[in-house]
Amino acid sequence: MQDINKLESELLEEIGNARDLDALEAVRISAMGKKGRVSLMMRGLGQMAPEERKEIAPKLNQLKKVIGDAIDNAKAELNRAAMEARLASERVDVTLPVRPENKGRIHPISQVTDEIIEIFADMGFSIAEGPDIEDDFHNFTALNIPPEHPARQMHDTFYLPQKEDGSRQLLRTHTSSVQIRTMENKQPPHRIVVPGRTYRSDSDQTHTPMFNQIEGLVIDKTSHMGHLKGVLKEFCRAFFEVDDVEMRFRPSYFPFTEPSAEMDIRCTFAGDHIKIGEGDDWMEILGCGMVNPKVLAHCGIDPNEYQGFAWGMGIDRIAMLKYGIPDLRAFFDCDLRWLKHYGFVPLDVPTLGGGLSR
Ligand code: 2NL
């Protein structure tokens with residue numbers, strides 16, 4: 001009897017002292033496990049005289065129940081305390097003010113590039129891209145720019161160090177090299193626009209060493225100057241969001257087109273901003289022409305079978321024009337305040353249906 005009472009108070013104390021679930025489990029095993037202290041006592045019943053057993057067995061069953069209940073209770077309590085600690089440490093204060101969110105903006109150059117792409121995509125053009133680092137052939141020779149042409153001189157072109165074979169790579173001075181690669185690698189007809197970075201060693205108020213261009217190319221069997229005019233008219237109408245834009249073509253010269261022209265559009269300068277499509281001034285916005293047959297031949301296209309037109313314009317200048325941005329150099333200053341002012345909302349993707357810009 002005494003042993004039972006002593007074991008009960010011992011075990012109850014051990015249970016009370018268990019600080020966590022592992023410690024409690026250890027107590028349970030040492031009491032109720034196969035070789036536990038309560039289990040051993042139960043086994044002792046077998047050697048007792050029947051009279052004694054009758055007296056002791058209910059006490060032992062009582063002990064087993066008391067200890068079992070105490071362990072269950074302690075377990076529930078430890079679980080509750082653990083949950084409470086977690087709730088306290090993981091509490092979220094829903095009354096805190098929202099952290100300021102740093103929303104990005106679309107750079108005007110990206111916006112204008114997307115707008116132009118959207119317009120030409122609608123006319124059935126694909127977008128082509130190519131490397132910024134080019135070789136002499138794709139940037140110059142294939143475009144009928146002869147070795148003594150001033151554009152090849154050091155002051156215009158950024159050259160990379162000379163290689164062992166004497167050749168020098170360069171930073172492309174226009175995106176025309178991508179059209180050359182397209183004509184070399186794919187079968188005509190071609191209908192592509194090529195946006196991208198271009199580089200010239202030139203830096204002043206209206207020139208930056210890196211600038212963005214978009215060129216277009218159409219090669220087919222009967223493509224002619226009338227198609228060129230129609231495509232560019234549709235572009236101006238959509239891009240400047242006016243019903244009609246008067247255009248004029250002035251004769252010009254590029255080694256890669258023949259004949260070549262510069263395209264102006266009607267505009268008026270009202271104070272510090274320009275209105276497109278009306279007035280009595282003209283503004284030059286791009287250069288264009290029929291692709292020189294020599295260029296086609298350089299790309300493996302038979303000039304007697306195919307012909308086409310091309311044009312090129314500066315994205316930076318046209319972006320300044322459309323969105324009234326006065327200083328070219330601000331495009332590349334990475335000033336967040338400037339971008340917040342002139343930048344565009346990322347979700348307002350330019351579409352012809354939904355409007356190019358808001
Ligand atoms: C300008 C003028 C132009 C082209 C670019 C071109 C490309 C190939 C063949 C023929 Cl592969 N032409 N591109 C044609 C005429 C003018 O750019 O003032 N750009 C800013």
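Just so we're clear, the structure is a prediction, and the values are computed from it rather than from any experiment. Whatever order the structure lists ligands and atoms in, that order sets their numbers, starting from 1.
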### Message
Students often mix this up, so state it plainly: with edges at 30° and 60°, are the rings of F331 and W338 parallel, tilted or perpendicular?
### Response
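Rings of F331 and W338: perpendicular, over 60°.
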Check: every ligand 1 N/O to protein N/O pair under 3.5 Å:
residue: ligand 1; atom: 13 (N); partner: E215; partner atom: OE1; Å: 2.9
residue: ligand 1; atom: 19 (N); partner: G312; partner atom: O; Å: 3.3

### Message
Strictly below 4.0 Å, N to O, side chains only: are K221 and E305 in salt-bridge contact?
### Response
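So K221 pairs with E305 through a salt bridge.
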### Task
Salt-bridge test for R200 and D156: reply yes if a basic N is under 4.0 Å from a carboxylate O, no otherwise.
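Result for this pair is no, no salt bridge flagged.
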### Query
How about E51: does its CD atom have over 12 heavy atoms from other parts shown lying under 6.0 Å from it?
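At most 12 heavy atoms, drawn from other residues, nucleotides or ligands, come within 6.0 Å of this atom.
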### Query
What do you reckon, is CG of D243 surrounded by more than 12 foreign heavy atoms closer than 6.0 Å?
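Counting other residues, nucleotides and ligands, CG of D243 stays at 12 neighbours or fewer.
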### Query
Under the side chain to side chain contact (heavy atoms under 4.5 Å, CB included) criterion, do M283 and L321 qualify, and how do the steps go?
CA-CA 10 Å; M283 182 159 45; L321 199 70; 3.2 Å; yes
